[in-house]
Amino acid sequence: MRLIVRVSPRASRDAVEGFDSEGRLAIRVTAAPTDGKANAAVTKLLANALGLPQRDVTLVSGATARVKVLEIPLAQAEIVRRLGGPARS
């Protein structure tokens, strides 16, 4: 499934914040958005939160944007279940 993620780099802590009103997953990472560090931190954090190997979380688009699209080999319902919260639409 393709998951839309809104990233806040240079945050005070790494955290998966949950889904916003538009159905995007909000993620905060401490890494700076330079040299792909924030992208790597996002994929690692999300893989850990979902219980997947990091190689299974792939950045599809948005490498230089705050809003990114990630490919994840799980259904939306399973992603929501693993993250422990309902997706809002």
Side-chain angles (χ1 to χ4, degrees):
M1 155 176 194
R2 292 201 173 186
L3 181 66
I4 300 172
V5 176
R6 183 163 196 309
V7 178
S8 296
R10 293 190 180 133
S12 59
R13 63 187 174 91
D14 290 341
V16 177
E17 297 291 321
F19 292 92
D20 66 13
S21 60
E22 297 177 24
R24 299 179 300 193
L25 184 63
I27 294 182
R28 298 181 185 278
V29 293
T30 57
T34 55
D35 300 325
K37 291 177 185 174
N39 291 334
V42 166
T43 57
K44 182 178 180 179
L45 178 64
L46 194 54
N48 287 338
L50 293 170
L52 296 171
Q54 192 172 347
R55 69 179 177 272
D56 285 351
V57 179
T58 307
L59 179 65
V60 175
S61 67
T64 60
R66 285 184 185 253
V67 176
K68 303 178 183 307
V69 178
L70 300 168
E71 184 73 34
I72 299 171
L74 297 172
Q76 182 177 2
E78 183 63 17
I79 291 170
V80 171
R81 186 188 72 75
R82 289 185 185 195
L83 294 178
R88 292 179 235 144
S89 11

(request) Could you tell me whether the side chain of D20 and the main chain of E22 form a donor-acceptor pair under 3.5 Å? (result) yes
Point-to-point distance, once rounded to the nearest 0.5 Å, from [atom1] of [X] to [atom2] of [Y]:
X   : Y   : atom1 : atom2 : answer
I72 : E78 : CD1   : CD    : 11.5 Å
L46 : Q54 : CG    : CD    : 10.0 Å
R6  : R28 : CZ    : CZ    : 9.0 Å
K37 : R10 : NZ    : CZ    : 10.0 Å
L3  : I79 : CG    : CD1   : 5.0 Å
L70 : R2  : CG    : CZ    : 10.0 Å

Should [X] and [Y] be regarded as members of a common hydrophobic cluster, given that ILVMFWY residues are connected when their side-chain heavy atoms come within less than 4.5 Å of each other, either directly or indirectly?
X   : Y   : result
V16 : I4  : no
F19 : M1  : yes
V69 : V67 : yes

(request) Quick one: closest heavy-atom pair of A31 and A41, and the distance? (result) CB-CB, 4.0 Å
Just wondering, do [Y] and [X] contact through their side chains at under 4.5 Å, heavy atoms?
X   : Y   : value
P9  : R66 : yes
L83 : L25 : yes
D56 : L50 : no
I27 : K68 : no

(message) Among D14, V57, T30, exactly one meets side chain to side chain contact (heavy atoms under 4.5 Å, CB included) together with L45. Which residue is that?
(response)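 Exactly one candidate clears the test, D14.
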